[in-house]
Amino acid sequence: MILVRQEIGDVLRDFRLQKGRTLRQVASKASVALGYLSEVERGQKEASSEILASVAEALDTPISVIMREVGDRLAVLEGIESMVPDALPDDFAAGFDGELVSQR
């Protein structure tokens, strides 16, 4: 069984390590208990949306980027990565303000 909390923890850890930050640094900046953040990273605890937002901010990474990575990893685990589009269809994107949609 795929556990979303495990993927969230893995992604948070990967982003933290990519940024070269310690668990203590991120926990402190996010105002989250060190032990709790450790459990979240190990997939032992479910983090609330508020905690995820605080950790994302502490990592200087938009929550949407973190959740996109989680979604992409889940799609791979489910074997549907080829079904997840990387871009919006042109006819769909045409209905939005040009500032929201980057052109190819």
Side-chain angles (χ1 to χ4, degrees):
M1 174 184 0
I2 298 170
L3 293 177
V4 175
R5 71 172 185 255
Q6 183 67 53
E7 292 308 312
I8 290 172
D10 289 346
V11 168
L12 291 176
R13 182 182 313 104
D14 289 347
F15 274 95
R16 179 176 59 77
L17 294 174
Q18 287 171 14
K19 301 275 185 172
R21 302 206 181 126
T22 66
L23 192 61
R24 185 176 305 281
Q25 289 170 326
V26 174
S28 176
K29 189 171 180 184
S31 298
V32 175
L34 177 66
Y36 183 76
L37 183 56
S38 176
E39 289 178 315
V40 168
E41 281 194 0
R42 288 181 281 136
Q44 295 176 338
K45 295 282 185 184
E46 296 269 357
S48 68
S49 58
E50 290 86 358
I51 296 289
L52 290 175
S54 293
V55 173
E57 187 174 327
L59 292 170
D60 300 317
T61 304
I63 189 76
S64 60
V65 172
I66 290 171
M67 297 312 289
R68 170 76 186 243
E69 180 64 22
V70 170
D72 289 349
R73 290 182 185 200
L74 289 172
V76 169
L77 290 172
E78 293 172 336
I80 60 169
E81 67 270 13
S82 61
M83 296 174 60
V84 179
D86 284 336
L88 296 173
D90 290 334
D91 58 335
F92 181 79
F96 291 93
D97 184 336
E99 292 179 18
L100 297 176
V101 179
S102 64
Q103 300 297 321
R104 296 181 220 190

Check: [Y] and [X] side chains under 4.5 Å, non-hydrogen atoms:
{"X": "Leu52", "Y": "Ile66", "value": "no"}
{"X": "Glu57", "Y": "Lys29", "value": "no"}
{"X": "Glu69", "Y": "Asp14", "value": "no"}

> Just by modelled atom types, is the Gly43 backbone N or O under 3.5 Å from a matching donor or acceptor in the Arg5 side chain?
Replying inline: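 It does hold such a pair.
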>> Quick one: does any side-chain atom of Ser54 pair with a main-chain N or O of Glu50 as donor and acceptor, under 3.5 Å?
In response: yes
Starting at [atom1] of [X], measure out to [atom2] of [Y] and round the result to the nearest 0.5 Å.
{"X": "Phe15", "Y": "Thr61", "atom1": "CZ", "atom2": "OG1", "answer": "5.5 Å"}
{"X": "Leu74", "Y": "Leu3", "atom1": "CG", "atom2": "CG", "answer": "10.0 Å"}
{"X": "Asp10", "Y": "Arg73", "atom1": "CG", "atom2": "CZ", "answer": "6.0 Å"}
{"X": "Glu78", "Y": "Ile2", "atom1": "CD", "atom2": "CD1", "answer": "4.5 Å"}

Report yes or no: do [X] and [Y] belong to one cluster of Ile/Leu/Val/Met/Phe/Trp/Tyr joined by side chain heavy-atom distances under 4.5 Å?
{"X": "Tyr36", "Y": "Val55", "value": "yes"}
{"X": "Leu37", "Y": "Leu17", "value": "no"}
{"X": "Ile51", "Y": "Val4", "value": "yes"}
{"X": "Leu34", "Y": "Val40", "value": "yes"}
{"X": "Val65", "Y": "Val26", "value": "yes"}

> Is the CZ atom of Arg42 crowded by more than 12 outside heavy atoms at less than 6.0 Å?
Replying inline: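 Counting other residues, nucleotides and ligands, CZ of Arg42 exceeds 12 neighbours.
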> Pick one: which of Arg16, Lys19, Arg21 meets salt bridge (charged side-chain N to carboxylate O under 4.0 Å, His left out) with Asp60?
Replying inline: Arg21
>> On a heavy-atom basis, which atom in Lys45 and which in Glu39 lie closest, and how many Å separate them?
In response: CE-OE1, 3.2 Å
